[in-house]
Structure formats: C-alpha cells, structure tokens
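Counting starts at 1 for both ligands and their atoms, in listed order.
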Amino acid sequence: MRAMLLEQIGDIDSSPLKLREIELPIPGAGELRVKVSVCAVCRTDLHIVEGDLSQQKLPLVPGHQIVGYVDQVGEGCTHFRGRVGDRVGIAWLRSVDGTCRFCQRGLENLCPESRYTGYHEHGGYAEYVVAPEDFVYPLANLPGAFDDAHVSPLLCGGLIGYRALERAAVPDGGKLLLVGFGSSAHLVAQFARHRGYEVYVLSRTKSHQKMAMEMGAAWAGDETGDLPCKVDSAILFAPVGKLIPPVLEALDRAGTLSIAGIHLSDCPPLNYQKHLFYEKQLRSVTANTRDNAHRMLREAAAAKVKPMVTMYDLADANRALADMKHSRTDGTGVLQVGG
Ligand SMILES: [Zn+2]
Ligand SMILES: [Zn+2]
C-alpha cells in the first residue's frame with residue numbers, strides 16, 4: 001500500500017515524509033483494518049515529524065484523524081463483527097491498560113500505559129491502518145452533511161478542543177477567549193457559540209480574525225491589551241508559552257486558562273498577584289477519553305459544527321503540514337487518501 005513514511009525527523013520545509021510502498025497491515029486479535037478515506041493533519045503530526053516529541057518510532061506513518069471504512073475484522077472482535085464497510089473514525093488515543101488508578105477514575109487519557117495512533121503505531125497517512133476495535137468510533141449516526149473530509153478534523157482538533165473547552169470551565173453565558181485560531185480553535189468557537197458563550201479571539205493572522213468574526217465572535221484582535229473586557233475563561237491553542245502571563249492577566253476573578261497543546265515553548269516567570277491571585281486557574285489538557293469522543297460527536301451533530309477544510313493529495317502531506325506551520329491554511333488540512 002502507499003504511505004507517507006517518516007524515516008528521519010527533519011524540518012517540515014525539507015519534506016521529511018517520503019511516499020513509499022509498504023506492506024499491507026494484518027489486523028491482530030481485537031483489531032480492525034480500516035481502508036482510509038481521508039486523514040486530517042494535526043499540529044502534533046508536525047511536532048512528531050520535526051522531532052519535538054520524545055520516544056520516536058521510526059520509520060513511522062503519522063496521522064490520527066482518520067475516517068475510513070472497515071475492511072477486515074480481526075479475531076475476537078465483537079462490536080464490529082460482520083460490519084465490513086461501516087464508516088468509522090480513528091483518533092489519537094489507541095489503547096490504555098484499563099486497570100490503573102487513572103483508568104479507574106475515568107481519566108484514561110492519563111493512563112501511563114496509553115499508546116497513540118500515528119506515534120507508537122502507524123497512522124492514517126496511508127491507504128490502510130490497523131487499530132484496536134475498542135478505540136474505533138462508529139460514525140454511522142452522523143447526519144449526511146458530515147462527509148468524510150468534514151468529519152476528520154473533529155477527531156483530534158475537535159476532540160482536544162472539546163476537552164480543552166470542558167477544562168476551561170466556562171460559566172453559563174460566559175466570555176471565552178481563544179488564543180490562536182487554527183483548526184482546533186475554529187471548531188471550539190462553533191461548540192462555544194452553540195452553548196451560548198461569548199467568543200473572543202486572539203490571532204496575529206488577519207484572515208483568521210476575519211473568519212472568527214464571521215463565525216460569530218464578539219471580538220477578534222492581535223493583543224490581549226486591546227480586549228474590551230476581562231474574560232471568564234481562555235484556551236491557549238498557540239504553542240507559545242510566553243502568551244501565558246498576558247492571557248492570565250486578561251482573566252477575570254475565578255477565571256480559568258486551559259492549555260490545549262501537547263507541546264509548549266517555555267513559559268516566562270509568573271507573578272502571583274498579577275497572574276494567579278483571585279483564584280485564577282491554569283490547567284493543561286492531555287489527550288482525551290473515549291467518553292469525550294462520543295459526547296463530542298453527538299454535540300457536533302447537534303451544533304452542526306462545520307470544519308473548514310483544505311484538501312491535499314496524500315502525496316502532498318509535507319506541504320499540508322508546512323502550510324499549517326506557516327499559517328497558510330484556514331481551517332484544517334485534510335489528506336485525500338482513498339476513493
Ligand atoms: Zn490505565
Ligand atoms: Zn492531533
């Protein structure tokens with residue numbers, strides 16, 4: 001099968017992903033093989049390709065926002081037995097032990113034994129992918145408007161954004177500041193508007209500011225200092241640690257800042273009075289649970305969340321990631337793989 005393979009990490013502008021012919025994967029016990037239709041690109045893929053994350057498996061097929069069709073059902077599968085051809089989604093979280101103290105508290109996203117698709121095992125920048133059926137999401141119930149390309153960005157951008165939104169603890173009718181307006185933020189803006197929050201957007205990219213206003217934001221601008229009011233909650237999407245102090249300052253009393261990224265540059269020193277006093281909270285977000293995914297997909301259908309997508313051929317994965325890195329795309333880049 002064709003795959004975009006990472007053999008050696010490198011700057012995305014040097015096109016480190018190579019189009020290769022690799023062996024068709026065979027599903028093991030409890031696993032499905034899925035024929036990939038589309039795979040959306042994610043900032044985490046960029047971090048993996050450029051070597052910002054540790055424990056690199058090489059060679060590696062990245063990709064963890066996969067929409068495809070069940071192609072082969074491994075031995076011992078129960079949910080998907082006899083379901084060849086069903087439309088399904090595969091996301092970042094690939095497996096957990098199910099027994100540790102975090103799994104038992106409903107925090108499987110923090111399982112020390114968790115493994116990830118497109119990181120520990122090959123992902124969706126390929127014609128086929130194999131994943132444990134317990135971590136494959138049925139997509140049969142999504143309304144028809146959600147074609148494959150418009151579902152895929154929900155599977156990480158939407159999902160991490162959704163968990164970040166929950167962690168941001170926005171009060172009813174509250175004001176939410178989104179810092180950065182890339183693929184995840186533009187989905188969160190739609191969930192937030194559906195829930196009745198006021199949305200404020202900070203982005204240096206003029207086209208992103210314009211898109212935010214078109215999506216119903218109350219304000220979009222460059223600098224926290226220009227915000228017309230304090231906000232109740234904020235989500236930091238930009239992987240830029242130096243934004244933490246000004247965003248904490250922009251929070252009202254009891255405000256919460258939730259950090260959506262998997263990777264963040266260093267945060268400058270904080271001043272307790274200015275940045276944290278009055279019960280402000282600073283929270284990180286780590287992956288997601290399967291329950292988050294099921295709830296997000298239901299709410300996306302109810303809110304008619306519409307990802308903005310830019311399509312690329314599988315072979316153009318380097319360009320898709322480079323365009324994301326340099327903020328040259330609006331919304332999410334999606335690789336067309338099959339069909
Ligand atoms: Zn666990
Ligand atoms: Zn992701």
Does Arg94 make a cation-pi contact with Phe135 (under 6.0 Å, within 45 degrees of the axis)? no
Check whether NZ of the Lys or CZ of the Arg Arg253 lies under 6.0 Å from the centre of the six-membered ring of Tyr278 and within 45 degrees of that ring's axis. yes
Given the Zn ion (ligand 1) as the apex, I'd like the angle to OD1 of Asp97 and SG of Cys103, rounded to 10 degrees. 100°
Please check: side-chain N/O of Thr205 versus main-chain N/O of Ser207, any donor-acceptor pairing under 3.5 Å? no
Phe191 vs Tyr162 aromatic rings, parallel, tilted or perpendicular, using cut-offs 30° and 60°? perpendicular
Within rounding of 10°, what is the angle whose vertex is the Zn ion (ligand 1) and whose arms end at SG of Cys100 and SG of Cys111? 120°
At the Zn ion (ligand 2), what angle lies between atom SG of Cys42 and atom NE2 of His64, rounded to 10 degrees? 110°
